[in-house]
Amino acid sequence: MPRKILVTSALPYANGPLHFGHIIEAVQTDVWVRYQRMRGHDCLYVCAEDAHGTPIMIKAKAEGTTPEALIARVAAEHRADYEGFLIGHDHFHSTHTPETQYFTNLMYERLRDAGYMTRRSVRQAYDEQAAMFLPDRFVRGTCPRCKTADQYGDSCENCGATYTPADLVDPVSTVSGTRPVWRDSEHIFFALGRFEPMLREWLASGSLQPAVQAKLAEWFEAGLQDWDISRDAPYFGFEVPDAPGKYFYVWFDAPIGYLGSFKALAAKRGLDVDAYLKPDSTAEMYHFIGKDISYFHTLFWPAVLHGAGFRRPTAVFVHGFLTVNGAKMSKSRGSFITARRYLQRLPPEPLRYYFAAKLGPGVDDIDLSLEDFTARVNSDIVGKLVNIASRCAGFIERGGGRLAAQLPDPALYAEFSGAAERIGAAFEGRDYSGAIRDIMLLADKANQYVDQHKPWTLAKDPAKADEVRAVATQGINMFRALITYLAPVLPAMAAAAGRFLGAPVGRWDDVQSPLLGTALERYEPLAVRLDPKVVATLIEAPAEAPPAKPTGAAQATKVTKVAEAAGAAAPKAAAAGASPAAPERIRIDDFTKLDLRVAKVLAAAAVEGSDKLLQLTLDLGSERRNVFSGIRSAYRPEDLVGRFVVMIANLEPRKMRFGVSEGMVLCASARDDAGGIFLLSADAGVQPGMKVS
RNA sequence: GGAAAGGUAGCUCAGCCGGUUAGAGCACGGCACUCAUAAUGCCGGGGUCGAGGGUUCGAGUCCCUCCCUUUCCA
């Protein structure tokens, strides 16, 4: 009996491009959906543009356009990127639509009438010049705990402290640059705490992964707070029906956007919305999300649904974060890879395969290692999988173009067809990495089979033509089983394979009856190898020397990391094998010979008669030093005054043409300074003269 | 600061409820083969399973402490 399933992945926000973090989630969802469809289930996949909120409003203003125009433009880009990665949404909508507004108002009114909405006054930062209340992220200032400058209004990136904008030292509005004032305003709150028993029961039903359950337990422990779902005008969103000048907070209507998108789809296809959304619905509803938004999806969302008389999600599937080459995606490291950047260089399926090969059912983070990506795809897909078809196709073609009437080794084929349930269960349970391990083991087995039976040797004896065809038929059928199992991951390749086989690859159960006696089409290569040189260009070399942007965590990096970051300027050169002579090892006492000190730049000036040098006057706490430094190409003297640098304080003074240099300032750079020169410095709070060790 | 996940061969990872000489793929070395996109097959080298304690007849697998990495925190 086919299941009725509604699936969503998280809504991309309409103020930036899709990046690999979005793509891995879309791939995870899409693979699951395609698998369900291959099993004959009625599985719908909807998504939408998350269109509301202050950031959209401000970005539109900055671009001199309207939020609607901005959303339309970004949504079109997002849609194209999703399509580029073969993400098969049944419908891609927007939250700024009548459908979403309909559900938003309906839910609000029902929750209000049931007594779950309360009002009370809130004191909030207000920008008098821009005439608007400021979200926490739009107030910046100095962390009250560690004194790091220029931190967001809700938490410190450096020390991790959490606080409110009012706690900041020297708060500044990022909208106008002025100092905010504090004003009171009435807000609407959703009484989340009253749903605790329901939520506990819901989570006990086994809808969530163990790690997510643990997180929820922690939140229950801390106590569920009322949730402020309103914002003051000006705000881009839906106005609250019974509160003029108040708008629904973007996070209130974002998940409702799932239902809005579904409603639009239902209208298009004549589906019964109620059958999916009523409290006792037998349809299943799943949300694929990243772990950062599990609070909204595992607490607010089920509570809002339940309180408003709708069904709750069957389950929420939470995945971990994507890291690139072992570290968080970062713009400054160039590892912030957009969907567009990838698609301009490479086809989508290798990445779908690689993500699938690494995705498990848990919330663990997933690392994209570019070298591993290339090796894995070339070896698994081209070397193993496609090779089976490629090496067998010729024998069939030369032998008349038709498959044999029966399999020479039914027992071996049974191993392949018998894996269907095991591999299917892995897909169902989102253990794609397990499924792919299984599939590749079978691919090895298929290649071994061909090797053992040596059709190329048999083919030399015309009397053995039937035997040759039989072996190739066995091989082709094993290939067919494997590409069927991989079809959720590689839909385009599966379609191409279907054309070659003369029988579409579409249903999971097709594998149970081998393809016999039928004609094959001419074999065309189903995949090409990835060029490591092209793959390496996914990582962007940092463009120019960063214009003095030294704040917070970015600056707290260890010296080794800085060196690495600079090394990345020559993209992957080191990884490509150009290993520079490894430096000799030293002992700790060699290191302690260095007297590294933090110094403050008191004065800086270009040196007359030199293209490279700046003359620095440094405060070492107890003394001042005069140092010449070859950083003129990367720093303007006036930008340096007041900042902290690291210097070698016990370097032999050196007489130069322009004077005596009494030390050396530490910088990171590529060997030829090609990617720029980067001064090392210390976090806020450091004092001149402090020793570095 | 709180929390979660992870630390197993050069790389990416698998090792279920503790039990024979710790596995796979890639990479590397050798051999074979030539049907296949220098693809494939066979053989081989390579691991003090992060560190230190503990429980046990026996621990990569359980407990404690510490170190490191990544990530999350309405």
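Everything numeric in this text was worked out from a predicted model, so none of it was measured. Below, read A as the first sequence line, B as the second, and so on, with proteins coming before strands; counting in each chain starts at 1.
- In this structure, CE of A/Met478 is placed 14 Å from C1' of B/rA36, rounded to the nearest angstrom.
- Rounded to whole Å, the separation between the P atoms of B/rG18 and B/rG58 comes to 15 Å.
- B/rG45 and B/rG30 have their C1' atoms separated by 10 Å, with the value rounded to a whole Å.
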Identify the pairs formed between an N or O of the protein and an N or O of nucleotides 41-47 of chain B at a distance under 3.5 Å, and give each distance.
| unit_1 | atom_1 | unit_2 | atom_2 | d |
| --- | --- | --- | --- | --- |
| B/rG41 | O4' | A/Asp451 | OD2 | 2.8 |

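- Atom pair A/Phe355:CZ and B/rU12:C1' shows a separation of 15 Å (rounding to whole Å applied).
- For the 3.5 Å distance criterion, the side chains of A/Asp409 and A/Tyr449 fail to qualify, holding no donor opposite an acceptor.
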(Q) Please evaluate residues A/Trp301 and A/His287 with respect to the criterion side chain to side chain donor-acceptor pair (under 3.5 Å), reporting the C-alpha separation (whole Å), side-chain torsions for both, the decisive distance (0.1 Å), and the verdict. (A) CA-CA 11 Å; A/Trp301 181 230; A/His287 305 299; 2.9 Å; yes
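- Spacing between B/rC63 and B/rG7 at atom P, rounded to whole Å, works out to 15 Å.
- Taking atom CG on A/Leu458 and atom C1' on B/rC33, their separation rounds to 14 Å, with Å as the unit.
- In this structure, A/Glu186 pairs ionically with A/Arg119, as a charged nitrogen and a carboxylate oxygen lie closer than 4.0 Å.
- Using a 4.5 Å heavy-atom cutoff, the side chains of A/Tyr432 and A/Phe355 are not in contact.
- For A/Thr323, the listed nucleotide lying nearest its side chain is B/rU70; candidates were B/rU70, B/rC26, B/rU37.
- Of the charged side-chain nitrogens involved, at least one lies within less than 4.0 Å of a carboxylate oxygen, so that A/Asp451 and A/Arg391 count as a salt-bridged pair.
- In this structure A/Lys445 satisfies the salt bridge (charged side-chain N to carboxylate O under 4.0 Å, His left out) test together with A/Glu415, sequence neighbours excluded.
- The separation of B/rU55 from B/rU12, taken at their P atoms, amounts to 36 Å, rounded to a whole angstrom.
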Report all interatomic pairs (protein N or O, nucleotide N or O of nucleotides 5-11 of chain B) with separations under 3.5 Å.
| unit_1 | atom_1 | unit_2 | atom_2 | d |
| --- | --- | --- | --- | --- |
| B/rA5 | O2' | A/Asp364 | OD2 | 2.7 |

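- A/Asp380 has its CG atom 13 Å from the P atom of B/rA39, to the nearest Å.
- Each of A/Leu224 and A/Glu218 was assigned the nucleotide of RNA chain B with the nearest heavy atom; the assignment lying further toward the 5' end belongs to A/Glu218.
- At least one side-chain nitrogen or oxygen of A/Arg529 sits closer than 4.0 Å to the OP1 or OP2 atom of B/rA39.
- The side chain of A/Arg376 approaches B/rU12 more closely than any other nucleotide in the set B/rU71, B/rU12, B/rC33.
- Listed by chain and number, the residues in a side chain to side chain contact (heavy atoms under 4.5 Å, CB included) with A/His187 are A/Val122, A/Gln124, A/Ser185, A/Phe189, A/Asp228, A/Ser230, A/Arg231, A/Asp232 (sequence neighbours excluded).
- When the C1' atom is compared between B/rG46 and B/rA24, the two are found 15 Å apart, to the nearest whole Å.
- Using P as the reference atom, B/rG10 and B/rU65 are 30 Å apart when rounded to the nearest Å.
- Nucleotides B/rG60 and B/rG54 are separated by 15 Å at their P atoms, to the nearest Å.
- Taking 4.0 Å as the cut-off between side-chain N and carboxylate O, A/Lys358 and A/Asp367 do not count as a salt-bridged pair.
- Here B/rA4 presents its P atom at 20 Å from CD1 of A/Ile366, a figure rounded to the nearest Å.
- Between A/Leu486 and A/Ile436, the closest side-chain pair of non-hydrogen atoms falls below 4.5 Å.
- In RNA chain B, consecutive stretches of 3 or more Watson-Crick or G-U wobble pairs with both distances under 3.5 Å are given as paired ranges: B:1-7 with B:67-73, B:10-13 with B:23-26, B:28-32 with B:40-44, B:50-54 with B:62-66.
- A/Arg529 is not listed as a side-chain neighbour of A/Ile381, based on a closest heavy-atom distance of 4.5 Å or more.
- Distance noted for atom C1' between B/rU8 and B/rU48: 12 Å (whole Å).
- Using a 4.0 Å cut-off, no side-chain N or O of A/Lys454 falls inside it from OP1 or OP2 of B/rC33.
- Residues A/Phe133 and A/Tyr235 place their aromatic rings such that the two centres sit no closer than 6.0 Å.
- For A/Phe321 and B/rC73, the CZ to P distance is 7 Å, given to the nearest whole Å.
- Straight-line distance from the CG atom of A/Asn387 to the C1' atom of B/rA36: 5 Å, rounded to whole Å.
- Between the CG atom of A/Leu526 and the C1' atom of B/rA36 there is a distance of 13 Å, rounded to whole Å.
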Please table the atom pairs, donor to acceptor, closer than 3.5 Å between any side-chain atom in residues 217-227 of chain A and protein atoms at least two apart or in another chain.
| unit_1 | atom_1 | unit_2 | atom_2 | d |
| --- | --- | --- | --- | --- |
| A/Glu218 | OE2 | A/Lys215 | NZ | 3.4 |
| A/Gln225 | NE2 | A/Gly223 | O | 3.4 |

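- With a 4.5 Å cut-off on side-chain heavy atoms, A/Asn477 and A/Phe416 do not count as touching.
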